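Here's the structure, in structure tokens; my notes come after.
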Amino acid sequence: MTRLLLRYRRTLVLSTALLLAFVLMTLQVRSGSSVALLTKQILLTSISPFLRVATKSFDITATVWNEYVDLRRVRRDNQLLKEEVRQLRTEVGELRETALEHARMGHLLQLGNRVGTEAVVARVIGKDTTNWFRTILIDTGANQGIQRHMVVVTREGLVGRVIDVTALASRVQLITDPGSAVGVLIQRSRTIGVAAGSQGSAIQIKYLPLMADVAVDDRIITSGMGGIFPKGIPVGKVIRSSRPANGTLFQLIEAQPHADFSRMEEVMVLKRPPSSGLSWASEEPPP
Amino acid sequence: MMTFLLALFGACLLQTAIVPRLAIGGIQPDLFLILLFGLSLSVEPELAAAAGFLIGLYQDSLSGAPLGLNAFALSPIGFLVSGLSQQVKTTQPVWRFALLCVAGLLSGLITLLLLRFFHSPRPLASALLWTALPSALYTGMLGTGLLGVLKPNTNKGLT
């Protein structure tokens, strides 16, 4: 018997396995046998603690790995975003600058239309290199039809006049230059004087009689006398007025120019004197 | 025996926790079949059949299959692989791959036939084509690679 079993052991083992499996299946499928269910439960119970630990370990590993990958991705994204932000900031800055420049140009062109004369918009490309003079360099010159003594203005008011011209650039003497003299009048009282530059940022109004009606905040415009500056261009406003008691014949008047020379970027050169009175002379200057 | 039990436990853990993450298009490789295949290369057919039965039982217990389904399928596969391994060069990756694919297909076919027998039928042709065949190929590739790395004792086969 033993020899027989040994001889057919292979077939016997296979048959038994197949039969056992088939019986288990039949029991479970046909009648929901408790034997099959119990066997399944035992098998599952024997492995489930290990499964729980293993699954948890794998989950932790996967989580750590995913977080590591995410961290690397976030770091890379962060670098890319930083670079993008930097580029966008640069672009925004450039666009903002362009918009501001367009706005200033637009105002100057509007001014050109309003004064009714031929005018050229120019960029300020340099300022005086010494402390003794108050001049600026603009990017238009003889090639654009600029000539000496042409009047330079901004939206706010008078800037000065062209004193040197080259082919591509010109130098403008500001009204604050100590060598500058502009015929002006007090708009309210129509008193005539001369605006002269000083070493500071203010201008002095000279030759105003002691009895002239001048008050602080009075507006000063060009008088048109002297043949260079047309009448009616805003120059500034009175900031200090005094009558010295030392026998002087004239008042001491100090005025603040409307134009801010320290922040000036574009100016307009009037190529010809206006055909009629300037319209902006009656307007309030911009703040 | 101890090594086999450890390998069986390892296969259970990996098949449950890791292998589902390796699924491609819902098809995952069968580590139980790979374990049985590796074992069958080094043991006699009757031991391979018994091992197939035990592996199948564990596989059934970890799945929704009726207990005995995979045990029924894996027993003859272990038996056949063990018998065939004495006839072919199982040290060659190509042969291993081919045998694993055949084993996978056979396992699928037996499973489908048993399900049909127990009135839980699946469309045979499409299930073989779209489930059993891709699974067999995936198992074949993974198994060939794993067996190449682990180098099981295959001294009984042709070299």
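In what follows, every chain begins at residue 1, and chains take the letters A, B, ... in the order their sequences are listed. Note: hydrogens, waters and symmetry copies are ignored here, and every other heavy atom, side chains too, is used. In this text the structure is predicted, and so the values were computed from the model without any measurement.
- Taking CG of B:Leu114 as the start and CE of A:Met25 as the end, the distance is 4.5 Å to the nearest 0.5 Å.
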Pair up each side-chain donor or acceptor in residues 97-107 of chain B with any protein partner under 3.5 Å, not counting sequence neighbours, and list the distances.
none

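- With a 4.5 Å cut-off on non-hydrogen atoms, A:Ser57 does not touch chain B at all.
- Only the side chain of B:Phe79 comes within contact range of chain A, judged by heavy atoms closer than 4.5 Å.
- Heavy-atom pairs under 4.5 Å with chain B peak, among A:Thr16, A:Leu18, A:Leu19, A:Val13, at A:Leu18.
- For a residue to count as touching a neighbouring chain, one of its non-hydrogen atoms must lie under 4.5 Å from one of that chain's; by this rule B:Phe72 touches chain A with backbone and side chain alike.
- Residues passing the salt bridge (Lys or Arg N to Asp or Glu O under 4.0 Å) test with A:Asp164, sequence neighbours excluded: none.
- The contact list for residues 136-145 of chain B toward chain A, using heavy atoms and a distance under 4.5 Å, is empty.
- Between A:Leu24 and B:Asp60 there is no side-chain heavy-atom pair separated by less than 4.5 Å.
- Nearest heavy atom pair, residue A:Ala21 against residue B:Gly68, reads CB-O, 3.4 Å.
- Of the listed residues (A:Leu43, A:Thr11, A:Leu12), the greatest number of heavy-atom pairs within a distance under 4.5 Å of chain B belongs to A:Leu43.
- Not counting sequence neighbours, A:Glu84 has no partner by the salt bridge (Lys or Arg N to Asp or Glu O under 4.0 Å) test.
- Across B:Ala49, B:Ser61, B:Gly56, B:Ala48, the residue that shares the most heavy-atom pairs under 4.5 angstrom with chain A is B:Ser61.
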What do the steps show when you test A:Leu14 against B:Glu46 for side-chain contact (heavy atoms from CB on, under 4.5 Å), and what is the final call? CA-CA 6 Å; A:Leu14 180 61; B:Glu46 63 274 19; over 6 Å; no
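- Heavy-atom distances place both the backbone and the side chain of A:Leu20 under 4.5 Å from chain B.
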